[in-house]
Every structure is written in C-alpha cells, then in structure tokens.
Amino acid sequence: MPIEVEIITGRTIDQGKTVEEKLTEEYFKAVSYCELNEEDFRSLGLKEGDRVKIKTEFGEVVVFAKVGSVPKGVVFIPIGPYANQITSDDTDGTGMPLFKGVKGVVERTEENVKSIKEILGVE
Amino acid sequence: MLILKPKKDFEVSVEAEITPDLAEKSEEEIKNFEVWYGKYKVKLGELFEIKKEGDEKKLILDGDFSRVKWIGRGMTEGEIVVKGNVGAHCGAFMSGGKIVVEGNADDWLGAEMSGGEIVVKGNARNLVGCAYYGDLEGMKGGKILIEGNAGNYIGEKMVGGEIEIKGNAGDFIGTEMKNGTIIVHGDCGFVGGDMKGGTIKIGGKFDLLPSFKKAEDGWIGDVNVGGEGKIVKI
Amino acid sequence: MLWIKNGIVIDPKNGIEGEKMDIFVKEGKIVEESEVKKEECKVIDASNKLVVAGGVEMHSHIAGSKINTGRSMRPEEMRVVRNVAGKFRAVVGRVLLTAPGIGYEYAKMGYTTAVEAASPPIGSPHTHEELDAIPILDKAALPVFGNWHFVFKFVSEKDQEKLQAFIAWAIERTKGYGVKIVNPGGVEKWMYGSNVRTLDDEVPIYGVTPREIITEVVKANEALNLPHCVHIHCNNLGVPGNYETTIETMKLVSGMKNENRPVLHVTHVQFNAYAGSSWRDVSSGAEEIAKYVNKADNITIDMGQPIFGHATAMTGDAPFQFTLHKLIGARWSNKDTEIEGGAGIVPIVYLPKNPVHALQWAIGLELGLLIDSDKVVISTDWPNGGPFTEYPYIMAMLMSKRMREKELERVSPYVQKASSLPAIDTEKTLYEVIKMSRSLPAKILGMENKGHLGVGADADIAIYNINPNEVDPSAEYDLVNKAFRKPAYTIKDGEIVVKDGELVAETWGRTFWVDATKKVSMEAIEADLDEYFQNYYTVERINFGVDERWVKKPARLEVS
Amino acid sequence: MENVVCTFCGSVCDDGVFEDGDVRKLCALGKSKFSKKERIKAPMIDGKEVSYEEAIEKAAEILVEAKRPLLYGWASTVNEAIRLGVLIAEKVGGIYDQCASVCHAPGTLALIEEGVPGGTLGSVKNRADVVIFWGANPVEAHPRHPTRYSVMAKGLLIKDRKNRKVVVIDVRETKTAKLADIFVQIKPGYDYAIISALRAIVKGEKIEADEVGGVPVEKLYELAELMMNAKYGVIFYGLGVTQSRGRDRNVENAIKLVQQLNRKTRWVIWPMRGHYNVVGAGEVPAWEVGYQFAIDFSRGYPRFSPAEFTAVEALVRRDCDAALIIASDPAAHFPRKAVEHLKKIPVIQIDPHPNLTTLLSNVVIPSAIAGLEAEGSVYRMDGIVLRVKKLVETEYWSDVQILEKMYEEVVKKVG
C-alpha cells in the first residue's frame with residue numbers, strides 16, 4: 001500500500017564529495033536513494049536494497065530505500081537529478097522552486113532505478 | 001475598438017505595454033506601436049493581426065496572450081477584454097477602467113493598482129495586487145475579482161481596494177496589509193502575517209498564525225506589529 | 001596635447017582669481033606653454049568660460065560592502081534608468097548608483113577624483129574591486145581604525161611605536177590612503193548592545209576611551225606624517241546636543257600643527273552639530289562649531305549637506321544606524337566585522353516640511369556659510385545626505401542669499417527659530433566655492449597634483465559655461481546651478497571625457513595608496529599580529545589584505 | 001604551499017596545505033575539490049573537438065543571435081569572471097542569473113524587505129554565546145564551519161564550548177542536531193508560524209495556542225527566554241528555511257525576530273551560503289548593474305524580477321532561447337520541467353568537469369579550475385573576500401581568459 005509523504009531534499013557529504021564527478025558510479029550511489037522513517041520503511045514491507053517509487057504532481061522516480069533519521073511521513077532525498085524528477089517546478093513567483101515540502105506518495109516497486117543518463121533522457 | 005490576435009506562438013515572451021488608449025490611435029500608429037520581443041523592439045503589427053473598429057477605448061485581445069506581459073500597465077480608463085489567458089503584470093499600476101480576462105492570469109496581476117477593476121474568469125497566479133520589490137505599498141484602490149483560484153502572496157502590503165477570490169487561494173494572504181479587504185471564499189494557507197489593518201474574510205480552511213488573538217467575530221492581529229487587522233470567517 | 005585657450009581661470013591654490021589665460025596639457029599633466037608644440041595641440045576655445053581644476057570628492061561612499069548592500073536592499077533605487085547600454089555602460093540608480101554610474105555622474109559634474117570614506121579593513125579587497133569598476137575617476141580609500149582591537153591594545157599600552165607600525169602596516173595591507181576613525185569605541189560597545197556617550201566612556205576589555213583613541217591615533221598619524229590627516233566621524237552622531245562632543249573632539253588636537261595640512265578633518269559635521277536635549281527641542285549648534293573651527297588653525301570639516309528627497313544612511317557607526325532604524329522604522333542592515341568594527345544601513349527620506357529634516361538641511365548650509373572657505377569642504381556624505389549630483393545646488397545656495405530665501409519658503413518654519421540660516425547674509429564667491437570643492441579637499445588629502453591648475457598638476461580640468469567676471473551668482477543662481485550641472489568639458493588626465501554635459505569617453509583612473517612602512521619597524525608588532533590573527537580572526541594573516549598587483553591602476557605614494 | 005584557500009563551500013577555509021597534488025587540513029568536501037578527477041578534454045561544438053577560438057566564436061554567435069539568452073551559474077568561479085559575465089549579458093541583452101536563485105536568493109528578497117542585521121564569522125567566533133542553526137546542516141554542507149566559526153570555535157569572549165549554547169531547529173534530526181545542546185524538531189512548512197510565535201513572546205505577548213508547528217508552546221517560551229538572555233546570539237539559516245514553504249517570507253520573519261531581539265540584547269542573522277563564491281555571483285552584478293540575480297537586459301538596461309528572470313522561471317516559461325551555463329550544473333539541480341527546456345535550446349557550457357549539463361550542451365568549453373589552476377577573488381559566505389590561488393600549471397584556459405575572448409567576440413558582433 002502506498003503511503004502519503006512530504007518530500008524534502010538536501011545536501012549530504014557523499015553528494016558533496018562526488019558533485020564534480022557526476023558521471024561516476026559514486027555519484028549515482030550518492031543521489032539515487034531516499035531515506036524513510038523506520039516505521040514507514042517497515043509498513044511498506046521494505047528491506048535494505050529495495051526500491052521505492054515516489055510520485056508527486058510533478059513526476060515520479062524510482063530510487064533505493066534506506067532507513068534514516070526522518071520523522072514519520074517525511075522522505076529525504078539527496079539533491080540531484082533523482083530528487084528533481086519529483087520536486088516542484090513552481091516557484092510561486094519567487095524564482096525558488098519548492099525543493100522541500102512537496103507532497104507525494106511512496107510505494108514499494110520492483111522497477112529498476114534508472115541510470116543518470118536515462119533519467120536525463122539522453123540515452 | 002481594437003482587436004488584436006497573435007500571429008504565432010511566440011518563441012520568448014512579448015512585453016506589450018498596451019492600454020485602451022491605443023484604440024484611439026490611427027491604424028498606422030497602432031501597427032507601428034513598439035513592443036519588446038526578447039531583446040528586439042518590434043512593431044505591434046509584426047506580432048499581431050490588428051483590426052480597428054471605431055474609436056471606442058476598448059481592446060479585445062483575441063487568443064492566447066499568456067506570453068504577453070504588461071498588458072494594461074498604468075491604464076486610466078477604457079476596457080480590455082482578454083479572450084484567453086494573459087501574461088504577467090497585467091493591469092499593474094492601473095488607476096481606472098476595466099480588464100476582463102476570460103482565461104487565466106499570470107503573476108503580478110494588478111500589482112500596485114490604485115483604481116479600476118480587474119475580473120479574471122479563470123485562475124490567477126501569484127502576487128496579485130502586491131507591491132513590487134522595495135516598494136512600501138501594494139494595491140491602493142480598485143477591485144480585483146478572481147472567479148477561480150489564486151496563488152501565493154495575495155494583497156501583500158495592500159493599503160486599499162478589494163481582492164475577491166471565489167475559489168481557493170495559496171499561501172501568505174494579506175501579509176503586511178494595512179488597509180483594504182481580501183475575500184477568499186475557499187481555503188488558503190497563512191493569513192495576515194504582520195498585518196496592521198484591513199480585513200481578510202475567509203470561507204474555507206486556513207492556517208491561523210499564533211500572533212493573532214481571538215475576537216468576537218474572528219481574530220485580530222498581527223500582535224507583532226501592534227496590528228488591528230481582522231480575519232473573519234464567512 | 002591640449003591648448004585650452006582664453007578661459008577665465010579660477011585656481012585658488014595658485015592665487016588666480018578670474019584671469020583670462022591659456023592652459024597647456026601634455027601627457028596628462030599641465031605644462032608650461034614652451035613644453036607643447038602648438039600646432040599639434042587640440043585647441044579648446046574656452047572664451048568666456050570658467051576654467052577650474054577637476055572637482056575633488058574627499059568623503060563619499062563610492063565602493064565596498066556598505067554601498068553594495070545598499071544597492072541590493074533597495075531595488076526601488078535601482079529602477080531609475082540613467083543610461084541605456086551602447087557605447088557606454090547601462091547605468092541605473094536614483095540616489096544610489098552602480099559603479100559605472102558613479103564614475104559617469106561625477107565626471108558629468110566636473111569632478112575627477114573621489115575618495116571612499118570608510119573601508120572596513122578586512123573588506124578592503126571588496127572596496128578595491130568596486131573602485132576598479134568605477135571608470136574615469138582617480139580614487140582612494142580610507143580604512144577604518146577607531147574600533148580595531150589592535151588600536152585599542154596599542155593605545156591602552158600607550159605604545160606609540162607599535163601604533164605607528166600598525167597604522168603603516170594596515171594602510172599598506174589594505175592599499176589604503178589614510179586613517180579614518182568612526183565613532184571610536186562606540187562601535188565596539190555596540191557589540192554589547194550599547195554605545196559611548198562621552199569621550200571618557202571606557203571600551204570593554206581594553207579600558208581605553210574615545211579621548212585616548214583619538215589623541216593617540218592623531219599623534220601616530222602626525223609622527224608618520226601621512227599625506228592625509230586623521231579623518232574623523234565623531235562620537236554621538238545624530239544625537240541632539242552632540243555639537244559639544246564635536247567641539248570637545250576638536251579640542252583634543254589643540255596645539256598640534258602640520259605645515260601642509262590640518263591635523264584633524266572632522267567629517268559630515270552637519271550630523272554632529274545639534275544643540276538641544278531631544279528631537280523635540282533640537283536646534284543648530286553650527287554657530288558654536290563654526291566659531292571654534294574658524295579660530296583653530298589645524299582643523300577642517302566637510303558639510304554633510306542633506307538634500308531633500310531620498311537618501312540611504314550608511315556608516316561604520318553601527319549603533320547609530322540601529323538607533324535610526326528604531327526611530328524611523330525603516331529596514332536596517334548591520335554588519336559586525338571581526339574585531340575591527342561594524343557598519344549599518346538604513347534608507348531615509350529628507351522631507352522639507354519635516355522640522356528635523358529641514359533643520360538638518362539648514363545646519364549643513366550654516367556650516368558652509370559660517371566657516372571660512374579654507375576650512376570647509378562641500379559634501380553630502382553620499383548617499384547619507386543625498387545625491388552628490390546636487391553639489392551644484394549647494395554651491396549655488398552658498399553663493400546666493402536670494403536663492404536661500406526662496407528655498408526657505410518651502411521648508412518647515414521650525415528652522416526659523418532653531419537655526420541661524422535665515423539671518424545669514426554671507427554669500428560665498430565663486431572663488432570660494434571652487435576652493436571648497438577643489439584646492440581645499442586636495443590639500444586636506446595631501447594630493448599635491450590635484451585641485452589646482454599649476455604646472456605639474458594632473459590635467460584634470462573642468463570648463464563651465466559661465467564667465468566669472470560677468471556672472472552675478474547672487475542674482476543669477478539658476479544660471480550658476482545649471483552651469484555646474486553641465487560642464488562644457490571635463491578633462492581627465494588630459495583626455496576629454498565629457499563634452500556639453502554628455503559623456504564622450506570612458507577612461508580608467510588610478511587608485512592612490514600610501515606606503516609608510518619604511519618609516520617604522522614592523523618587527524615591533526609581528527608577535528601581536530600573529531597572536532590576534534591566530535586567536536581572533538577567521539582568516540590567516542597572510543590572506544588578509546590586498547596585493548598591489550590585484551589593483552587595476554595602482555599609484556603608490558611613499559611616505560619618507 | 002600553505003594557507004591555500006578552499007573552493008568548495010561558503011566557509012572558504014583559507015588554511016589548507018597543498019603538497020604533491022594533495023591537500024591537508026581541509027574537510028572531506030575540500031579534499032574532494034583538490035583531488036584529481038575526469039576533465040572535459042577539449043573544446044567541442046556538437047561533440048566535435050575544436051580550438052578554443054572556434055568554440056568561443058560559436059558561443060558568441062549563439063548569444064548574439066538569441067532573442068533572450070540566459071547566462072547562468074557563476075557560483076563556482078572568481079569575481080573577475082563573473083564581472084565579464086555581467087558585461088556579456090548586458091551586451092547581448094540577455095538574462096544574468098546565478099545559483100543563488102535556487103539556494104539563498106530568498107534571503108536577498110528578505111534583505112530587500114527588511115535589511116539584514118548580520119556579522120562576519122569572526123564576530124560569531126569571538127562573541128556568540130548562543131548559536132542557532134535553523135534549517136541548516138553544516139556537518140554535511142559546511143563541515144568545518146562548526147569548528148572554525150561557530151559551535152566549537154574559540155575567541156575573544158568565548159573561550160570554551162561550554163560558554164556557548166547551540167540550538168538546532170529542523171524538521172529532521174540531522175547530523176548537526178547531534179552537536180546541539182537543544183534540538184527543536186518542527187513540522188515541515190511551519191517555520192514562519194514558529195518565528196511569528198517567538199517574535200510575539202519576545203515582544204511580551206501571550207500565545208493562545210498550545211502548540212505551534214509541532215512545538216509545544218512551553219518549549220517556545222524556553223527558546224525565547226534563551227534568546228533574550230543571550231549576550232550575543234546568531235541565527236544561521238539554511239536551505240531548510242529558503243527552499244520550503246514561505247521561502248523569503250520565512251527569512252524576512254526571522255530578520256524581524258532579530259530586529260526585535262536587538263532591542264534587548266545583541267543578535268545577528270546570516271545565511272549559510274553554499275558554493276564558495278555564490279556571494280560574489282551576487283555582489284559583482286550588484287555593483288555593476290544594481291541587482292544580485294534575476295536580471296534581464298533585453299531593454300538595454302538591467303531589470304530585476306525573480307518571477308520572470310530567474311533561471312528556473314525563464315526555463316519553465318520557455319522564456320529564453322539559448323543558454324550559457326558556467327560553473328554550475330542546472331541539468332542536475334533544476335526541476336525536471338526546467339531541464340526539459342534546456343534540452344531544446346542551444347546550450348554553451350564552460351566547466352572543468354563533465355557533468356549532466358555537458359550531456360545537453362552544443363558548445364562545450366573546458367576551463368581551468370579556479371583556486372587550483374587559476375587565481376582570483378571570491379567572497380566567503382559572510383562577504384569577506386579571499387584570493388584563491390594558482391597552485392599548478394595547466395593548458396586549460398581560465399574562465400577569465402575564455403570570457404575575455406568571448407566578450408571581445410560579442411563586441412565585434414554587436415558593436
């Protein structure tokens with residue numbers, strides 16, 4: 001059963017360390033996952049290495065799922081191309097997209113996590 | 001009366017500071033009226049089909065004007081009817097006359113307007129009736145009616161006039177408002193932050209700020225600025 | 001090569017008072033007639049025109065973090081379009097201006113040199129980057145010392161040797177031109193939420209007082225014999241009753257003397273010339289200050305004249321800026337800066353009908369009128385008092401009682417009782433206002449080749465469409481006001497940059513800086529520098545300051 | 001080489017030691033910045049290797065011919081390059097926008113509304129007895145900030161970590177929260193309401209609600225008390241404040257809180273700026289043309305409008321028909337719809353490293369790495385300028401060289 005969540009994006013050390021090597025496996029690993037609250041993680045029937053599909057009104061994306069220190073109902077994704085499939089492109093006139101606080105749903109999926117080039121649509 | 005129709009789907013937006021005054025000019029003058037197409041100054045006639053019917057101060061904008069900005073900027077009288085959507089800054093600084101948008105309106109609708117009337121049959125986006133960056137006063141007078149929904153930041157720093165939204169509005173309604181009235185028939189987010197005066201009437205759900213005090217018929221605030229603004233449920 | 005023919009020259013430094021003469025220019029300098037080949041000269045016919053040196057702005061906020069934050073926080077200021085991009089840069093700004101705009105607008109008024117009046121030392125690379133973006137003008141910057149912990153330390157230790165070495169080090173490192181002091185001790189007290197109120201209030205930790213800071217720093221400045229004297233923004237700025245503090249500050253240097261220039265320049269005195277005990281009973285203290293300055297032989301001031309309309313207060317006097325923010329409820333920026341000082345920014349509007357604003361306006365003019373013209377410089381303390389582009393208005397006002405009478409009609413009647421302006425009959429002469437805008441500021445700054453037209457001077461020249469032997473500024477004030485706004489020519493380093501009030505060429509001036517390091521032993525302060533940088537700074541000592549090669553056109557003045 | 005200036009985050013630490021291609025004393029992010037990585041090999045037009053001159057001429061042609069070119073990025077290069085970028089944007093009648101528009105530009109909008117009562121990092125290190133991180137996670141974004149400037153930093157009045165209270169306010173328990181004395185977890189989207197409540201308490205008003213934004217009111221009273229009792233406090237705010245509901249209004253409200261607090265004691269507020277020179281990307285255009293970001297030159301003079309001239313808006317609205325991207329990677333960091341338009345228009349990229357934008361670019365111009373292969377001035381997050389150094393030789397042209405040449409080509413074409 002999909003659960004309703006609020007999605008926040010942010011920096012991580014691993015994302016930062018690899019940000020100038022975006023075409024590497026290390027960068028892919030650093031940005032293609034999300035963190036869920038342990039309770040949400042269990043209720044989706046997930047185990048380490050499983051994938052989830054996150055959907056918002058702006059798009060959808062498949063990423064790996066991990067348990068993280070986020071409250072129930074909140075999903076964290078490192079900033080990057082995966083996060084940007086589902087963040088809001090509406091700036092409400094400020095110029096700043098809503099990178100944190102977009103509402104969406106998360107569900108377990110068997111679909112694969114796309115490569116960065118696939119995400120970008122250049123391959 | 002002047003009827004304008006876009007000749008094509010514009011590659012980038014057009015800035016056309018046209019008001020009903022244009023309808024009084026000769027066809028030649030109208031055709032040669034300068035507008036901005038990206039960085040190029042072009043003649044109105046290059047981008048729009050132009051049809052003039054008499055001298056009435058009225059513009060009919062027939063088609064999709066969602067990529068045409070600054071329509072009705074500073075207009076003082078007459079009427080503009082937009083048959084489709086309209087771009088940003090429509091009716092900004094207007095002091096009189098009427099604009100009817102049959103479709104949707106973009107950001108900065110009626111910004112800093114001081115008089116006249118704007119009716120949007122569809123939705124409006126953000127910053128309706130607001131103050132431009134750095135200015136101390138937003139909408140000063142006149143009326144804006146939005147029959148659909150509106151976006152965020154509505155009536156910021158408003159000092160007069162009325163904004164009525166039949167549907168829902170977004171977040172931050174009437175922030176730093178000093179006077180005037182905002183009516184939201186549907187739901188909205190935060191309301192009246194730092195408002196000093198004026199009235200905000202709300203039909204649906206909204207987020208009440210902790211800096212408002214319960215009053216008989218609603219709430220009064222914002223206490224942070226010693227405000228006497230009213231939020232009223234309708 | 002230029003041959004400026006038949007102009008009517010006013011050149012106070014050289015005692016020339018309206019003489020018809022020719023001026024010759026070669027390689028950016030004014031030269032003897034024999035130095036040029038006349039047939040190769042470009043001839044400028046200056047018949048019936050006033051020929052003077054380019055204006056010298058000695059106190060204006062033209063570059064650095066304050067002015068730039070001011071721009072960022074006031075987009076409504078930047079919406080006024082002055083020039084569309086084309087041959088020259090796009091320029092926007094109402095009172096605040098972009099960097100290209102500063103160069104263009106000064107030049108369009110006949111000014112050719114301008115000094116940034118308060119540069120935070122650690123912000124000096126920023127100041128220089130902005131100075132480098134200002135076309136045409138020659139420039140310099142004054143680093144701020146009055147709340148710098150090194151100064152507190154060396155003053156508290158009464159160690160002149162170290163203080164002198166430190167000043168020389170700091171000016172060299174910041175590529176600065178002289179010593180600025182802003183509200184000494186007061187900005188440090190602001191770090192604890194207060195301010196100093198008298199010259200004897202103590203600064204926390206160090207126990208030093210404004211009195212000691214000013215006295216010791218002036219002594220050090222004189223011992224180093226820097227080209228510019230200490231340039232002070234007094235304590236208690238903007239406080240009714242503060243004229244007494246101002247006079248007390250001036251007294252601190254009594255008995256000190258320098259052959260070439262004053263020993264203390266007190267800046268934007270209008271803001272420090274209030275009598276009374278509150279804003280309700282505030283009145284002018286200008287007469288008292290004028291009396292003192294006229295008597296003293298070692299002090300100069302500049303006016304800090306407010307101009308009605310928009311302005312932006314920006315000073316290193318952070319506590320004052322907070323007080324202003326509270327007083328008028330306008331937005332407020334503040335910047336506490338390492339262990340050096342601080343700054344603040346608040347937008348303001350001077351309204352003629354507002355009693356306090358009208359009084360401020362009157363006090364500025366009183367100072368300009370009551371003080372001898374070899375002791376007072378024209379300034380608005382841009383953008384604090386308003387636009388520098390209104391200097392022609394100030395000059396015309398100083399020269400015409402009739403113009404003042406007309407202006408007095410539109411301001412609050414409060415000035416009638418609170419200031420002496422309505423009763424002042426003095427009308428400065430053209431010669432005097434030229435002095436107050438050229439030779440005097442150049443002399444105070446110690447810029448020998450500026451502000452005059454003698455042989456050897458930089459060929460910075462302004463030519464105006466008035467004949468000083470025919471015009472009557474007292475009656476024809478409009479004509480004078482207009483003429484100074486639209487020079488027939490502005491010439492910078494021998495190049496015509498403005499013609500008929502319009503920009504015709506964009507050139508790049510020099511940035512003057514002073515090197516006094518040879519006069520001191522740096523060893524004296526090595527350990528202190530290391531200690532403070534290690535413990536209290538957030539940058540490495542070696543990364544502090546500006547290298548000469550980073551500056552576009554540096555001009556080093558060595559003090560020996 | 002000692003006292004090397006780091007070019008990763010806005011902390012711009014200036015105490016790195018560079019030896020044999022390796023850097024010491026810096027954090028993991030700083031180290032990664034100086035490590036060897038894949039480079040763009042040569043200038044390219046449509047995938048074909050060309051000379052610098054050819055690539056630059058092509059780029060100039062694209063910019064000059066476009067109706068409204070977007071010139072975006074600038075946060076990871078030096079001021080000298082940024083200045084040229086502003087001049088080019090002015091000449092070609094394009095849009096100048098920079099990375100702040102997707103990170104801290106809301107702080108600039110708040111600056112417009114209220115000003116910013118701030119201080120340098122040294123003021124915090126020397127004086128701050130209360131440090132609040134609001135929606136900021138320096139442990140992961142500015143790893144040495146806590147030790148050099150804030151949490152553990154020692155200075156004039158603060159001699160020990162014990163002299164300082166550290167508060168973290170966030171929607172999740174970040175790694176930074178673990179350094180804090182007090183962690184306040186708030187409901188996403190309620191920063192504004194919480195700040196309003198704190199302002200009211202500091203002002204002496206009573207809060208009628210029991211909780212605000214997921215925080216019990218008693219806890220807010222405690223927090224307000226702590227703030228009022230501070231001798232010198234600082235709020236460092238991060239993207240948690242600027243990228244979530246309220247954006248600039250959150251910052252504006254926090255600034256008003258700090259104004260209020262300064263009536264009782266001393267407080268400052270400052271953004272945790274991200275890239276090492278994102279501040280310069282705003283300061284330089286501010287002095288050149290009056291604004292920090294979202295600047296349009298289509299009329300020959302600068303105009304400022306975040307709703308139209310920020311990169312995301314210009315792309316989402318299809319309001320630019322060519323783009324020059326420098327020292328940033330919007331293809332990786334912009335919302336999908338913005339990237340879609342970037343894929344449709346001619347793109348010129350200037351960058352040392354291949355990234356997602358490279359994959360979309362028609363003209364690719366590799367550049368020297370500023371701070372390693374080229375020098376120049378940069379602004380630390382608090383506006384302090386530092387000079388990044390040239391440590392090694394390179395064949396690559398610097399951003400300044402590339403843009404000087406491009407400016408020359410543009411002037412040739414437009415006069």
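Values below: all heavy atoms of this structure, side chains included; hydrogens, waters and symmetry mates excluded. Letters A, B, ... mirror the listed sequences (proteins, then strands); counts begin at 1.
- Across Gly134(B) and Ile112(D), no two heavy atoms sit closer than the pair N-CG2, 3.4 Å.
- Proximity to chain B (any heavy atom under 4.5 Å) is shown, for Ala314(D), by neither the backbone nor the side chain.
- Cation-pi check for Arg245(D) over Phe190(B) is met; the charged atom lies under 6.0 angstrom from the ring centroid and within 45 degrees of its normal.
- Using a 4.5 Å cut-off between heavy atoms, Asn126(B) does not touch chain D at all.
- The local environment of NZ in Lys7(B) is crowded, with over 12 non-hydrogen atoms from other residues, nucleotides or ligands closer than 6.0 Å.
- Between the OG atom in Ser298(D) and the OH atom in Tyr40(B) there is a gap of 11.5 Å [rounded to 0.5 Å].
- Of all the heavy atoms in Ala193(D) and Pro210(B), the pair that sits closest is O-CG, 3.2 Å.
- The ring pair (Phe, Tyr, Trp, His ring centres under 6.0 Å) test with Tyr133(B) is passed by exactly one of Phe293(D), Phe304(D), Tyr291(D): Phe304(D).
- Within a 6.0 Å sphere centred on NZ of Lys203(D), other residues, nucleotides and ligands contribute more than 12 heavy atoms.
- Contact of the Arg299(D) side chain with the Glu15(B) side chain is registered, since non-hydrogen atoms from C-beta on lie closer than 4.5 Å.
- Note on Cys320(D), Pro306(D), Pro69(D): by heavy-atom pairs under 4.5 Å with chain B, the leading option is Pro306(D).
- In this structure, the portions of Lys214(B) lying under 4.5 Å from any heavy atom of chain D include both its backbone and its side chain.
- For Lys213(B) and Glu205(D), the salt-bridge test passes: some basic side-chain N is under 4.0 Å from an acidic carboxylate O.
- Residue-level contacts of residues 191-199 of chain B with chain D, in order of numbering, are Gly193(B), Asp194(B); threshold 4.5 Å between heavy atoms.
- More than 12 heavy atoms of other shown residues, nucleotides or ligands fall within 6.0 angstrom of atom CD in Glu49(B).
- In this structure, chain D has a heavy atom under 4.5 Å from the side chain of Thr175(B), while its backbone stays farther away.
- Residue Tyr132(B): no heavy atom, backbone or side chain, is found under 4.5 Å from chain D.
- Residue Asp210(D) does not touch chain B at all, counting heavy-atom pairs closer than 4.5 Å.
- Within a 6.0 Å sphere centred on NZ of Lys413(D), heavy atoms belonging to other residues, nucleotides or ligands number more than 12.
- Heavy atoms of Leu208(B) lying under 4.5 Å from chain D are absent altogether.
- In this structure, chain B has a heavy atom under 4.5 Å from the side chain of Glu252(D), while its backbone stays farther away.
- For the atom pair OH of Tyr37(B) and NZ of Lys67(D), the computed distance is 4.5 Å after rounding to the nearest 0.5 Å.
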For this session: Starting from the C-alpha separation in whole Å, work towards a yes-or-no answer on side-chain hydrogen bond (donor to acceptor under 3.5 Å, both in side chains) for Tyr190(D) and Asp207(B).
Result: CA-CA 10 Å; Tyr190(D) 282 82; Asp207(B) 264 337; 3.1 Å; yes
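- If you take CZ on Phe212(B) and CD1 on Ile207(D), they are separated by 12.0 Å, rounding to the nearest 0.5 Å.
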For this session: Report the C-alpha distance between Arg199(D) and Val225(B) in whole Å, list the side-chain angles of each, state the deciding distance to 0.1 Å, and finish with yes or no for side-chain contact (heavy atoms from CB on, under 4.5 Å).
Result: CA-CA 10 Å; Arg199(D) 281 175 64 196; Val225(B) 290; 4.1 Å; yes
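- Using a 4.5 Å heavy-atom threshold, the side chains of Lys69(B) and Asp319(D) count as touching.
- No more than 12 heavy atoms of other residues, nucleotides or ligands lie within 6.0 Å of NZ in Lys205(B), so this atom counts as exposed by the packing criterion.
- Interface remark: Lys157(B) contributes side-chain atoms only to the contact with chain D (heavy atom separation under 4.5 Å).
- Within 6.0 Å of NZ on Lys256(D) lie more than 12 heavy atoms contributed by other residues, nucleotides or ligands.
- Note that CG of Asn253(D) and CZ of Phe172(B) are 8.0 Å apart. Values are rounded to the nearest 0.5 Å.
- Listed options Gly94(D), Ser305(D), Gly300(D), Gly246(D) were ranked by heavy-atom pairs under 4.5 angstrom with chain B; first place goes to Gly246(D).
- For Phe297(D), no part lies under 4.5 angstrom from a heavy atom of chain B.
- Residue Glu208(D) holds its CD atom at 10.5 Å from OG of Ser211(B), rounded to the nearest 0.5 Å.
- Here the side chains of Leu209(B) and Tyr192(D) are in contact, with some heavy-atom distance below 4.5 Å.
- A donor-acceptor pair is defined here as one N or O able to donate and one able to accept, closer than 3.5 Å; such a pair exists between the side chain of Asn224(B) and the backbone of Ala200(D).
- Of the possible polar contacts, one joining the Lys39(B) side chain to the Val64(D) backbone as a donor-acceptor pair under 3.5 Å is found.
- Put simply, CZ on Arg67(B) and CZ on Arg318(D) are 4.0 Å apart, with the number rounded to the nearest 0.5 Å.
- Heavy atoms of Ala209(D) lying under 4.5 Å from chain B are absent altogether.
- For the pair Tyr153(B) and Asp248(D), the minimum side-chain heavy-atom distance is below 4.5 Å.
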Problem set entry | Stepwise side-chain contact (heavy atoms from CB on, under 4.5 Å) test for Glu11(B) and Arg68(D) | CA-CA 10 Å; Glu11(B) 276 176 70; Arg68(D) 193 199 296 278; over 6 Å; no
